[in-house]
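Worksheet: one structure, shown below.
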2 protein chains.
Amino acid sequence: MSKTTFTNLSSEKQERFIQAALTEFAANDFQSASITAIVKELGIAKGSVYQYFDDKLDLWLYLKKHCEQVKLSYIKSIKRSEYSDFWKFYRAMYANGINFDLENPLCSQFLYRVGFKEMSPQVMPHLNTWKKQANAMFCQLIEAEKKAGTFNKKNSTDVMAHFMVTMSMSIAELLQKKYKVDFEKNIKKGKPLFGGNSKELMKAVDELIGLLEKALK
Amino acid sequence: MSKTTFTNLSSEKQERFIQAALTEFAANDFQSASITAIVKELGIAKGSVYQYFDDKLDLWLYLKKHCEQVKLSYIKSIKRSEYSDFWKFYRAMYANGINFDLENPLCSQFLYRVGFKEMSPQVMPHLNTWKKQANAMFCQLIEAEKKAGTFNKKNSTDVMAHFMVTMSMSIAELLQKKYKVDFEKNIKKGKPLFGGNSKELMKAVDELIGLLEKALK
DNA sequence: CCAAAATGTGACCAACTGGTCATTATATTT
DNA sequence: AAATATAATGACCAGTTGGTCACATTTTGG
(Lines give C-alpha, C1' and ligand atoms only; values in the text may rest on other atoms or scores of the structure.)
Protein backbone atom coordinates (compact mmCIF):
# COMPACT_ATOMS: atom_id res chain seq x y z
CA MET A 1 0.00 0.00 0.00
CA SER A 2 2.12 2.84 -1.35
CA LYS A 3 5.88 2.90 -0.87
CA THR A 4 7.81 5.19 1.45
CA THR A 5 8.95 7.09 -1.63
CA PHE A 6 5.41 8.40 -1.96
CA THR A 7 4.80 9.18 1.70
CA ASN A 8 8.14 10.99 1.78
CA LEU A 9 6.89 13.34 -0.92
CA SER A 10 5.82 16.83 0.07
CA SER A 11 2.12 16.87 0.77
CA GLU A 12 1.62 19.27 -2.16
CA LYS A 13 3.14 16.75 -4.54
CA GLN A 14 1.15 13.95 -2.97
CA GLU A 15 -2.05 15.93 -3.34
CA ARG A 16 -1.31 16.80 -6.95
CA PHE A 17 -0.61 13.17 -7.71
CA ILE A 18 -3.75 11.97 -5.96
CA GLN A 19 -5.88 14.49 -7.83
CA ALA A 20 -4.54 13.45 -11.21
CA ALA A 21 -4.84 9.74 -10.46
CA LEU A 22 -8.33 10.21 -9.09
CA THR A 23 -9.38 12.14 -12.17
CA GLU A 24 -8.32 9.22 -14.35
CA PHE A 25 -9.79 6.52 -12.13
CA ALA A 26 -13.03 8.46 -11.65
CA ALA A 27 -13.52 8.71 -15.40
CA ASN A 28 -12.52 5.14 -16.33
CA ASP A 29 -12.86 1.72 -14.83
CA PHE A 30 -9.81 -0.10 -13.54
CA GLN A 31 -8.88 -1.80 -16.79
CA SER A 32 -9.32 1.28 -18.94
CA ALA A 33 -7.73 3.81 -16.61
CA SER A 34 -4.33 4.62 -18.05
CA ILE A 35 -1.15 5.15 -16.06
CA THR A 36 0.31 6.77 -19.15
CA ALA A 37 -2.52 9.32 -19.13
CA ILE A 38 -1.82 10.17 -15.49
CA VAL A 39 1.89 10.78 -15.97
CA LYS A 40 1.23 12.77 -19.12
CA GLU A 41 -1.20 14.99 -17.23
CA LEU A 42 1.29 15.43 -14.38
CA GLY A 43 4.27 15.85 -16.65
CA ILE A 44 6.34 13.26 -14.81
CA ALA A 45 8.07 10.08 -15.93
CA LYS A 46 6.15 6.85 -15.91
CA GLY A 47 8.88 5.25 -13.81
CA SER A 48 7.99 7.57 -10.96
CA VAL A 49 4.63 5.92 -10.49
CA TYR A 50 6.41 2.65 -9.86
CA GLN A 51 8.65 4.33 -7.32
CA TYR A 52 5.50 5.30 -5.45
CA PHE A 53 3.39 2.17 -5.86
CA ASP A 54 4.00 -1.51 -6.55
CA ASP A 55 1.64 -1.60 -9.50
CA LYS A 56 -1.68 -0.36 -10.85
CA LEU A 57 -3.69 -2.32 -8.31
CA ASP A 58 -1.62 -0.96 -5.45
CA LEU A 59 -2.36 2.58 -6.62
CA TRP A 60 -6.07 1.80 -6.98
CA LEU A 61 -6.24 0.35 -3.47
CA TYR A 62 -4.51 3.43 -2.11
CA LEU A 63 -7.00 5.75 -3.81
CA LYS A 64 -9.89 3.65 -2.55
CA LYS A 65 -8.70 3.75 1.05
CA HIS A 66 -8.02 7.46 0.77
CA CYS A 67 -11.51 8.27 -0.50
CA GLU A 68 -13.19 5.99 1.99
CA GLN A 69 -11.43 7.76 4.82
CA VAL A 70 -12.51 11.14 3.50
CA LYS A 71 -16.11 9.96 3.23
CA LEU A 72 -16.01 8.36 6.64
CA SER A 73 -14.93 11.65 8.18
CA TYR A 74 -18.23 13.13 7.00
CA ILE A 75 -20.42 10.35 8.29
CA LYS A 76 -18.97 9.25 11.58
CA SER A 77 -19.88 12.54 13.25
CA ILE A 78 -23.59 11.69 13.03
CA LYS A 79 -24.73 9.53 15.93
CA ARG A 80 -28.08 7.80 16.28
CA SER A 81 -28.25 8.60 19.98
CA GLU A 82 -28.31 12.32 19.25
CA TYR A 83 -31.60 12.10 17.34
CA SER A 84 -35.02 11.35 18.75
CA ASP A 85 -36.40 9.95 15.51
CA PHE A 86 -34.64 7.45 13.25
CA TRP A 87 -35.70 9.28 10.14
CA LYS A 88 -34.28 12.58 11.38
CA PHE A 89 -31.05 10.74 11.99
CA TYR A 90 -31.18 9.18 8.55
CA ARG A 91 -31.88 12.50 6.94
CA ALA A 92 -28.93 14.09 8.76
CA MET A 93 -26.66 11.30 7.58
CA TYR A 94 -27.89 11.83 4.09
CA ALA A 95 -27.31 15.56 4.19
CA ASN A 96 -23.74 14.93 5.30
CA GLY A 97 -23.31 12.48 2.47
CA ILE A 98 -24.40 15.19 0.06
CA ASN A 99 -21.93 17.60 1.62
CA PHE A 100 -19.25 15.04 0.96
CA ASP A 101 -20.35 14.91 -2.66
CA LEU A 102 -20.35 18.66 -3.01
CA GLU A 103 -16.95 19.16 -1.44
CA ASN A 104 -15.20 16.13 -2.91
CA PRO A 105 -16.66 15.52 -6.35
CA LEU A 106 -13.75 13.42 -7.52
CA CYS A 107 -13.73 11.18 -4.45
CA SER A 108 -17.46 10.87 -4.74
CA GLN A 109 -17.39 9.93 -8.39
CA PHE A 110 -14.59 7.44 -7.84
CA LEU A 111 -16.39 5.74 -4.96
CA TYR A 112 -19.58 5.68 -7.01
CA ARG A 113 -17.64 3.81 -9.66
CA VAL A 114 -16.09 1.44 -7.17
CA GLY A 115 -19.37 0.74 -5.44
CA PHE A 116 -21.67 0.53 -8.41
CA LYS A 117 -20.00 0.15 -11.76
CA GLU A 118 -16.72 -1.62 -11.25
CA MET A 119 -16.50 -5.19 -12.48
CA SER A 120 -12.88 -5.52 -13.59
CA PRO A 121 -11.68 -8.96 -12.50
CA GLN A 122 -8.47 -7.62 -10.99
CA VAL A 123 -10.34 -5.60 -8.39
CA MET A 124 -13.33 -7.88 -7.82
CA PRO A 125 -11.85 -9.39 -4.65
CA HIS A 126 -11.49 -5.90 -3.21
CA LEU A 127 -15.01 -4.69 -3.97
CA ASN A 128 -18.03 -4.89 -1.74
CA THR A 129 -16.02 -4.18 1.37
CA TRP A 130 -17.67 -0.80 1.69
CA LYS A 131 -21.10 -1.97 0.65
CA LYS A 132 -20.89 -4.89 3.05
CA GLN A 133 -19.96 -2.53 5.84
CA ALA A 134 -22.82 -0.21 5.00
CA ASN A 135 -25.17 -3.17 4.87
CA ALA A 136 -23.97 -4.52 8.21
CA MET A 137 -24.37 -1.09 9.76
CA PHE A 138 -27.92 -0.75 8.48
CA CYS A 139 -28.78 -4.25 9.70
CA GLN A 140 -27.64 -3.28 13.18
CA LEU A 141 -29.63 -0.05 13.08
CA ILE A 142 -32.73 -1.82 11.83
CA GLU A 143 -32.55 -4.48 14.53
CA ALA A 144 -32.41 -1.74 17.12
CA GLU A 145 -35.38 0.06 15.59
CA LYS A 146 -37.34 -3.17 15.48
CA LYS A 147 -36.79 -3.60 19.19
CA ALA A 148 -37.83 -0.02 19.78
CA GLY A 149 -40.97 -0.76 17.79
CA THR A 150 -40.44 1.90 15.14
CA PHE A 151 -39.78 -0.65 12.40
CA ASN A 152 -42.05 -3.42 11.21
CA LYS A 153 -40.93 -6.71 12.76
CA LYS A 154 -42.58 -8.78 10.07
CA ASN A 155 -40.06 -7.89 7.40
CA SER A 156 -36.66 -9.53 7.40
CA THR A 157 -33.81 -7.29 8.38
CA ASP A 158 -31.64 -8.00 5.37
CA VAL A 159 -34.35 -7.21 2.85
CA MET A 160 -35.00 -3.94 4.64
CA ALA A 161 -31.30 -3.17 4.73
CA HIS A 162 -31.05 -3.90 1.03
CA PHE A 163 -33.99 -1.61 0.45
CA MET A 164 -32.38 1.25 2.31
CA VAL A 165 -28.86 0.88 0.95
CA THR A 166 -30.09 0.61 -2.62
CA MET A 167 -32.38 3.59 -2.41
CA SER A 168 -29.77 5.67 -0.62
CA MET A 169 -27.25 5.09 -3.34
CA SER A 170 -29.71 5.49 -6.19
CA ILE A 171 -30.51 9.07 -5.33
CA ALA A 172 -27.78 10.26 -7.64
CA GLU A 173 -29.52 8.66 -10.59
CA LEU A 174 -32.86 10.13 -9.64
CA LEU A 175 -31.36 13.58 -9.59
CA GLN A 176 -29.78 13.04 -12.98
CA LYS A 177 -33.17 12.02 -14.32
CA LYS A 178 -35.36 14.54 -12.56
CA TYR A 179 -33.19 17.62 -12.72
CA LYS A 180 -31.05 16.61 -15.66
CA VAL A 181 -27.88 17.11 -13.64
CA ASP A 182 -24.87 16.18 -15.73
CA PHE A 183 -22.23 14.82 -13.36
CA GLU A 184 -19.59 14.30 -16.00
CA LYS A 185 -19.91 17.86 -17.21
CA ASN A 186 -19.85 19.27 -13.69
CA ILE A 187 -16.73 17.28 -12.91
CA LYS A 188 -14.94 18.44 -16.02
CA LYS A 189 -15.84 22.04 -15.25
CA GLY A 190 -14.79 21.63 -11.62
CA LYS A 191 -18.28 22.48 -10.45
CA PRO A 192 -19.88 20.67 -7.52
CA LEU A 193 -21.51 17.41 -8.56
CA PHE A 194 -25.06 18.70 -8.29
CA GLY A 195 -24.37 22.01 -9.95
CA GLY A 196 -25.48 23.95 -6.92
CA ASN A 197 -29.24 23.47 -6.71
CA SER A 198 -29.09 21.81 -3.29
CA LYS A 199 -32.53 23.01 -2.24
CA GLU A 200 -34.46 21.37 -5.05
CA LEU A 201 -32.29 18.39 -4.38
CA MET A 202 -33.13 18.05 -0.72
CA LYS A 203 -36.80 18.18 -1.67
CA ALA A 204 -36.43 15.10 -3.83
CA VAL A 205 -34.41 13.44 -1.10
CA ASP A 206 -37.14 14.18 1.40
CA GLU A 207 -39.76 12.66 -0.83
CA LEU A 208 -37.73 9.53 -1.29
CA ILE A 209 -37.07 9.21 2.43
CA GLY A 210 -40.79 9.65 2.95
CA LEU A 211 -41.44 6.65 0.74
CA LEU A 212 -38.83 4.61 2.59
CA GLU A 213 -40.42 5.55 5.87
CA LYS A 214 -43.84 4.42 4.75
CA ALA A 215 -42.41 1.14 3.50
CA LEU A 216 -40.48 0.21 6.59
CA LYS A 217 -42.28 1.45 9.66
CA MET B 1 -26.71 -2.62 -37.88
CA SER B 2 -25.10 -5.84 -39.08
CA LYS B 3 -24.27 -6.41 -42.73
CA THR B 4 -26.14 -8.70 -45.12
CA THR B 5 -23.16 -11.06 -44.92
CA PHE B 6 -24.25 -11.88 -41.39
CA THR B 7 -27.98 -12.17 -42.00
CA ASN B 8 -27.22 -14.42 -44.99
CA LEU B 9 -25.48 -16.85 -42.65
CA SER B 10 -27.28 -20.04 -41.69
CA SER B 11 -29.18 -19.48 -38.47
CA GLU B 12 -26.98 -22.08 -36.73
CA LYS B 13 -23.87 -20.08 -37.57
CA GLN B 14 -25.59 -16.87 -36.52
CA GLU B 15 -26.62 -18.41 -33.22
CA ARG B 16 -23.14 -19.75 -32.56
CA PHE B 17 -21.65 -16.36 -33.29
CA ILE B 18 -24.14 -14.53 -31.10
CA GLN B 19 -23.52 -16.93 -28.23
CA ALA B 20 -19.77 -16.46 -28.39
CA ALA B 21 -20.01 -12.68 -28.72
CA LEU B 22 -22.54 -12.50 -25.93
CA THR B 23 -20.32 -14.57 -23.66
CA GLU B 24 -17.50 -12.11 -24.17
CA PHE B 25 -19.64 -8.99 -23.84
CA ALA B 26 -21.47 -10.38 -20.81
CA ALA B 27 -18.20 -10.96 -18.99
CA ASN B 28 -16.45 -7.72 -19.95
CA ASP B 29 -17.45 -4.13 -20.49
CA PHE B 30 -17.35 -2.64 -23.96
CA GLN B 31 -13.76 -1.45 -23.82
CA SER B 32 -12.38 -4.66 -22.36
CA ALA B 33 -14.38 -7.12 -24.43
CA SER B 34 -12.02 -8.54 -27.01
CA ILE B 35 -12.88 -9.30 -30.60
CA THR B 36 -9.75 -11.43 -30.71
CA ALA B 37 -11.09 -13.54 -27.85
CA ILE B 38 -14.37 -14.08 -29.71
CA VAL B 39 -12.76 -15.25 -32.94
CA LYS B 40 -10.35 -17.45 -31.01
CA GLU B 41 -13.27 -19.10 -29.22
CA LEU B 42 -15.13 -19.58 -32.50
CA GLY B 43 -12.09 -20.67 -34.44
CA ILE B 44 -12.74 -18.21 -37.25
CA ALA B 45 -10.63 -15.45 -38.75
CA LYS B 46 -10.82 -11.99 -37.31
CA GLY B 47 -11.60 -10.59 -40.73
CA SER B 48 -14.92 -12.43 -40.70
CA VAL B 49 -16.20 -10.28 -37.87
CA TYR B 50 -15.69 -7.24 -40.05
CA GLN B 51 -17.56 -8.93 -42.87
CA TYR B 52 -20.51 -9.24 -40.52
CA PHE B 53 -20.36 -5.90 -38.72
CA ASP B 54 -18.93 -2.45 -39.40
CA ASP B 55 -16.99 -2.34 -36.17
CA LYS B 56 -17.04 -3.24 -32.49
CA LEU B 57 -19.79 -0.75 -31.69
CA ASP B 58 -21.96 -2.06 -34.50
CA LEU B 59 -21.63 -5.57 -33.07
CA TRP B 60 -22.45 -4.32 -29.57
CA LEU B 61 -25.54 -2.48 -30.80
CA TYR B 62 -26.70 -5.61 -32.59
CA LEU B 63 -26.31 -7.72 -29.45
CA LYS B 64 -28.13 -5.11 -27.44
CA LYS B 65 -31.09 -4.98 -29.78
CA HIS B 66 -31.17 -8.77 -30.00
CA CYS B 67 -31.29 -9.21 -26.21
CA GLU B 68 -33.84 -6.45 -25.76
CA GLN B 69 -36.13 -8.13 -28.24
CA VAL B 70 -35.79 -11.45 -26.46
CA LYS B 71 -36.57 -9.81 -23.14
CA LEU B 72 -39.48 -7.90 -24.60
CA SER B 73 -41.02 -11.13 -25.86
CA TYR B 74 -41.27 -12.25 -22.24
CA ILE B 75 -42.81 -9.08 -20.93
CA LYS B 76 -45.21 -7.87 -23.58
CA SER B 77 -47.53 -10.82 -23.04
CA ILE B 78 -48.49 -9.47 -19.60
CA LYS B 79 -51.27 -6.89 -19.79
CA ARG B 80 -52.49 -4.68 -17.01
CA SER B 81 -56.11 -5.08 -18.06
CA GLU B 82 -55.98 -8.80 -17.37
CA TYR B 83 -55.30 -8.30 -13.68
CA SER B 84 -57.68 -6.93 -11.08
CA ASP B 85 -54.94 -5.68 -8.81
CA PHE B 86 -51.89 -3.68 -9.87
CA TRP B 87 -49.61 -5.63 -7.59
CA LYS B 88 -50.74 -8.95 -9.00
CA PHE B 89 -49.97 -7.56 -12.41
CA TYR B 90 -46.58 -6.34 -11.22
CA ARG B 91 -45.80 -9.67 -9.66
CA ALA B 92 -46.70 -11.49 -12.88
CA MET B 93 -44.44 -9.19 -14.84
CA TYR B 94 -41.68 -9.88 -12.42
CA ALA B 95 -42.14 -13.63 -12.60
CA ASN B 96 -41.84 -13.41 -16.36
CA GLY B 97 -38.71 -11.37 -15.98
CA ILE B 98 -37.24 -14.12 -13.85
CA ASN B 99 -38.20 -16.69 -16.45
CA PHE B 100 -36.28 -14.63 -18.95
CA ASP B 101 -33.28 -14.71 -16.63
CA LEU B 102 -33.53 -18.45 -16.17
CA GLU B 103 -33.89 -19.26 -19.82
CA ASN B 104 -31.49 -16.68 -21.21
CA PRO B 105 -28.70 -16.26 -18.68
CA LEU B 106 -26.30 -14.71 -21.16
CA CYS B 107 -28.81 -12.17 -22.47
CA SER B 108 -29.76 -11.37 -18.93
CA GLN B 109 -26.20 -10.86 -17.78
CA PHE B 110 -25.40 -8.75 -20.83
CA LEU B 111 -28.42 -6.51 -20.33
CA TYR B 112 -27.59 -6.23 -16.64
CA ARG B 113 -24.18 -4.96 -17.67
CA VAL B 114 -25.60 -2.56 -20.22
CA GLY B 115 -28.23 -1.21 -17.85
CA PHE B 116 -26.21 -1.02 -14.68
CA LYS B 117 -22.48 -1.23 -15.08
CA GLU B 118 -21.56 0.11 -18.46
CA MET B 119 -19.83 3.46 -18.59
CA SER B 120 -17.52 3.14 -21.59
CA PRO B 121 -17.61 6.47 -23.41
CA GLN B 122 -18.13 4.85 -26.80
CA VAL B 123 -21.48 3.43 -25.79
CA MET B 124 -22.68 6.16 -23.44
CA PRO B 125 -24.88 7.77 -26.09
CA HIS B 126 -26.64 4.44 -26.60
CA LEU B 127 -27.31 3.66 -22.95
CA ASN B 128 -30.41 4.52 -20.99
CA THR B 129 -32.69 3.88 -23.92
CA TRP B 130 -34.08 0.81 -22.18
CA LYS B 131 -34.15 2.37 -18.74
CA LYS B 132 -35.86 5.46 -20.13
CA GLN B 133 -38.47 3.29 -21.78
CA ALA B 134 -39.03 1.33 -18.59
CA ASN B 135 -39.30 4.57 -16.68
CA ALA B 136 -41.78 6.06 -19.13
CA MET B 137 -43.87 2.90 -19.00
CA PHE B 138 -43.96 2.95 -15.23
CA CYS B 139 -44.88 6.64 -15.20
CA GLN B 140 -47.85 5.87 -17.41
CA LEU B 141 -48.92 2.97 -15.21
CA ILE B 142 -48.58 5.02 -12.06
CA GLU B 143 -50.64 7.88 -13.45
CA ALA B 144 -53.40 5.43 -14.26
CA GLU B 145 -53.26 3.93 -10.75
CA LYS B 146 -53.37 7.38 -9.23
CA LYS B 147 -56.56 8.10 -11.10
CA ALA B 148 -58.00 4.76 -10.00
CA GLY B 149 -57.12 5.75 -6.44
CA THR B 150 -54.85 2.79 -5.72
CA PHE B 151 -51.70 4.92 -5.61
CA ASN B 152 -50.98 7.86 -3.36
CA LYS B 153 -51.57 11.09 -5.26
CA LYS B 154 -49.32 13.12 -2.96
CA ASN B 155 -46.11 11.60 -4.27
CA SER B 156 -44.71 12.74 -7.59
CA THR B 157 -44.97 10.21 -10.35
CA ASP B 158 -41.33 10.32 -11.37
CA VAL B 159 -40.03 9.67 -7.87
CA MET B 160 -42.38 6.74 -7.58
CA ALA B 161 -41.31 5.43 -10.97
CA HIS B 162 -37.68 5.76 -9.97
CA PHE B 163 -38.46 3.88 -6.80
CA MET B 164 -40.05 1.00 -8.67
CA VAL B 165 -37.53 0.74 -11.48
CA THR B 166 -34.59 0.85 -9.11
CA MET B 167 -35.97 -1.75 -6.76
CA SER B 168 -37.04 -4.00 -9.61
CA MET B 169 -33.59 -4.05 -11.06
CA SER B 170 -31.80 -4.39 -7.73
CA ILE B 171 -33.39 -7.73 -6.93
CA ALA B 172 -30.46 -9.52 -8.53
CA GLU B 173 -28.08 -7.97 -6.03
CA LEU B 174 -30.31 -8.85 -3.12
CA LEU B 175 -30.32 -12.47 -4.19
CA GLN B 176 -26.57 -12.46 -4.50
CA LYS B 177 -26.34 -11.14 -0.98
CA LYS B 178 -29.07 -13.15 0.69
CA TYR B 179 -28.63 -16.49 -1.00
CA LYS B 180 -25.03 -16.09 -2.02
CA VAL B 181 -25.88 -16.85 -5.62
CA ASP B 182 -22.77 -16.58 -7.76
CA PHE B 183 -23.89 -15.40 -11.19
CA GLU B 184 -20.44 -15.54 -12.75
CA LYS B 185 -19.94 -19.12 -11.67
CA ASN B 186 -23.40 -20.19 -12.82
CA ILE B 187 -22.80 -18.62 -16.20
CA LYS B 188 -19.45 -20.32 -16.64
CA LYS B 189 -20.98 -23.65 -15.69
CA GLY B 190 -23.94 -23.04 -17.99
CA LYS B 191 -26.36 -23.25 -15.09
CA PRO B 192 -29.36 -20.93 -14.85
CA LEU B 193 -28.50 -17.60 -13.29
CA PHE B 194 -30.14 -18.32 -9.95
CA GLY B 195 -28.83 -21.85 -9.65
CA GLY B 196 -32.30 -23.29 -9.48
CA ASN B 197 -33.72 -22.21 -6.13
CA SER B 198 -36.62 -20.27 -7.68
CA LYS B 199 -38.94 -20.84 -4.74
CA GLU B 200 -36.76 -19.22 -2.13
CA LEU B 201 -36.23 -16.54 -4.69
CA MET B 202 -39.88 -15.73 -5.23
CA LYS B 203 -40.25 -15.41 -1.47
CA ALA B 204 -37.65 -12.66 -1.39
CA VAL B 205 -39.29 -11.04 -4.39
CA ASP B 206 -42.66 -11.14 -2.64
CA GLU B 207 -41.25 -9.49 0.42
CA LEU B 208 -39.69 -6.74 -1.63
CA ILE B 209 -42.88 -6.15 -3.58
CA GLY B 210 -44.68 -6.00 -0.26
CA LEU B 211 -42.42 -3.17 0.82
CA LEU B 212 -42.96 -1.35 -2.46
CA GLU B 213 -46.69 -1.74 -2.06
CA LYS B 214 -46.68 -0.23 1.41
CA ALA B 215 -44.55 2.66 0.21
CA LEU B 216 -46.64 3.60 -2.78
CA LYS B 217 -50.29 2.95 -2.09
C1' DC C 1 -18.25 -26.46 -66.68
C1' DC C 2 -16.97 -22.08 -65.96
C1' DA C 3 -17.23 -17.37 -64.54
C1' DA C 4 -18.73 -14.29 -61.27
C1' DA C 5 -20.17 -13.19 -56.88
C1' DA C 6 -20.03 -13.98 -52.11
C1' DT C 7 -17.38 -15.67 -47.93
C1' DG C 8 -13.55 -16.62 -45.38
C1' DT C 9 -8.68 -15.82 -44.16
C1' DG C 10 -4.62 -14.41 -41.30
C1' DA C 11 -0.37 -11.81 -41.67
C1' DC C 12 0.11 -7.22 -40.83
C1' DC C 13 -0.46 -2.35 -38.97
C1' DA C 14 -0.39 1.54 -35.83
C1' DA C 15 -1.65 2.61 -31.38
C1' DC C 16 -1.93 1.49 -27.12
C1' DT C 17 -1.09 -0.97 -22.46
C1' DG C 18 1.52 -1.98 -17.66
C1' DG C 19 5.86 -2.51 -16.21
C1' DT C 20 11.36 -2.47 -16.14
C1' DC C 21 15.89 -0.71 -15.33
C1' DA C 22 20.26 1.31 -16.33
C1' DT C 23 21.29 5.90 -16.09
C1' DT C 24 21.07 10.63 -14.40
C1' DA C 25 19.96 14.20 -11.12
C1' DT C 26 19.08 15.82 -6.66
C1' DA C 27 19.32 15.78 -1.53
C1' DT C 28 21.41 14.36 2.63
C1' DT C 29 25.09 13.03 5.50
C1' DT C 30 29.82 12.46 6.59
C1' DA D 1 33.90 18.67 -0.97
C1' DA D 2 33.31 13.97 -1.23
C1' DA D 3 30.45 10.08 -0.50
C1' DT D 4 26.25 8.15 -0.03
C1' DA D 5 21.40 7.62 -0.18
C1' DT D 6 17.16 8.92 -2.39
C1' DA D 7 14.34 10.22 -6.25
C1' DA D 8 13.36 11.04 -11.16
C1' DT D 9 13.83 9.67 -15.84
C1' DG D 10 12.39 7.82 -20.46
C1' DA D 11 13.86 4.54 -23.92
C1' DC D 12 12.52 0.05 -24.16
C1' DC D 13 9.94 -4.47 -23.73
C1' DA D 14 6.46 -7.93 -24.54
C1' DG D 15 1.77 -8.13 -24.95
C1' DT D 16 -2.51 -6.41 -26.10
C1' DT D 17 -5.99 -4.05 -28.89
C1' DG D 18 -9.38 -2.88 -33.12
C1' DG D 19 -9.15 -2.82 -37.74
C1' DT D 20 -7.37 -3.71 -42.86
C1' DC D 21 -6.76 -5.91 -47.21
C1' DA D 22 -4.77 -8.66 -50.79
C1' DC D 23 -5.47 -13.19 -51.47
C1' DA D 24 -7.72 -18.04 -51.16
C1' DT D 25 -11.82 -20.65 -50.96
C1' DT D 26 -16.54 -21.74 -51.56
C1' DT D 27 -21.14 -21.03 -53.36
C1' DT D 28 -24.11 -19.64 -56.85
C1' DG D 29 -26.42 -19.33 -61.31
C1' DG D 30 -26.18 -19.14 -66.31
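Protein chains get the first letters and strands the later ones, always in sequence-line order, with residue 1 at the start of each.
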When the ring planes of B/F6 and B/Y52 are compared, do they come out parallel, tilted or perpendicular, using 30° and 60° as the limits? tilted
Over 60° means perpendicular and under 30° means parallel, so tell me whether A/F25 and A/F30 are parallel, tilted or perpendicular. tilted
For B/F53 and B/Y62, take the angle between the two ring planes, folded into 0 to 90°, and tell me which bin it lands in: parallel under 30, tilted 30 to 60, perpendicular over 60. tilted
Inspect the contact between B/R91 and B/D206 and indicate whether a charged nitrogen and a carboxylate oxygen are less than 4.0 angstrom apart. yes
Among residues two or more places apart or on two chains, list those pairs meeting salt bridge (charged side-chain N to carboxylate O under 4.0 Å, His left out) that have a residue in residues 120-141 of chain A. A/K131-B/E173
Atom NZ of A/K3 and atom C1' of D/dA7: how far apart are they, to the nearest Å? 12 Å
What residues in residues 32-47 of chain A put a non-hydrogen atom under 4.0 Å from any atom of DNA chain C? A/A33, A/S34, A/I35, A/T36, A/K46, A/G47
For DNA chain D, whose closest nucleotide is more 5', that of B/K56 or that of B/Q51? B/K56
Please state how far atom CD in B/Q31 lies from atom C1' in D/dG18, giving the value in whole angstrom units. 12 Å
Using a heavy-atom cut-off of under 4.0 Å over every strand shown, decide if A/S48 touches base, sugar-phosphate, or nothing. base
Side-chain atoms of B/L9 come closest, of D/dA7, C/dG8, D/dT20, to C/dG8
Nearest whole Å is fine: how far is C/dT17 P from A/Y50 OH? 11 Å
Tell me the interatomic distance from B/N28, atom CG, to D/dG18, atom C1', rounded to whole angstroms. 15 Å
Pairwise salt bridge (charged side-chain N to carboxylate O under 4.0 Å, His left out) hits with a residue in residues 55-77 of chain B, at least two apart: B/K64-B/E68
Check: B/Y90 ring centre within less than 6.0 Å of B/Y83 ring centre: no
Separation of C/dC21 atom C1' from A/D54 atom CG, nearest Å, is 16 Å
When rounded to whole Å, the OH to P distance for the pair A/Y52 and C/dG19 reads 17 Å
How long is the line joining CZ of B/F53 and P of D/dT20, in whole Å? 15 Å
To the nearest Å, give me how far apart CG (B/N8) and P (D/dT26) are. 19 Å
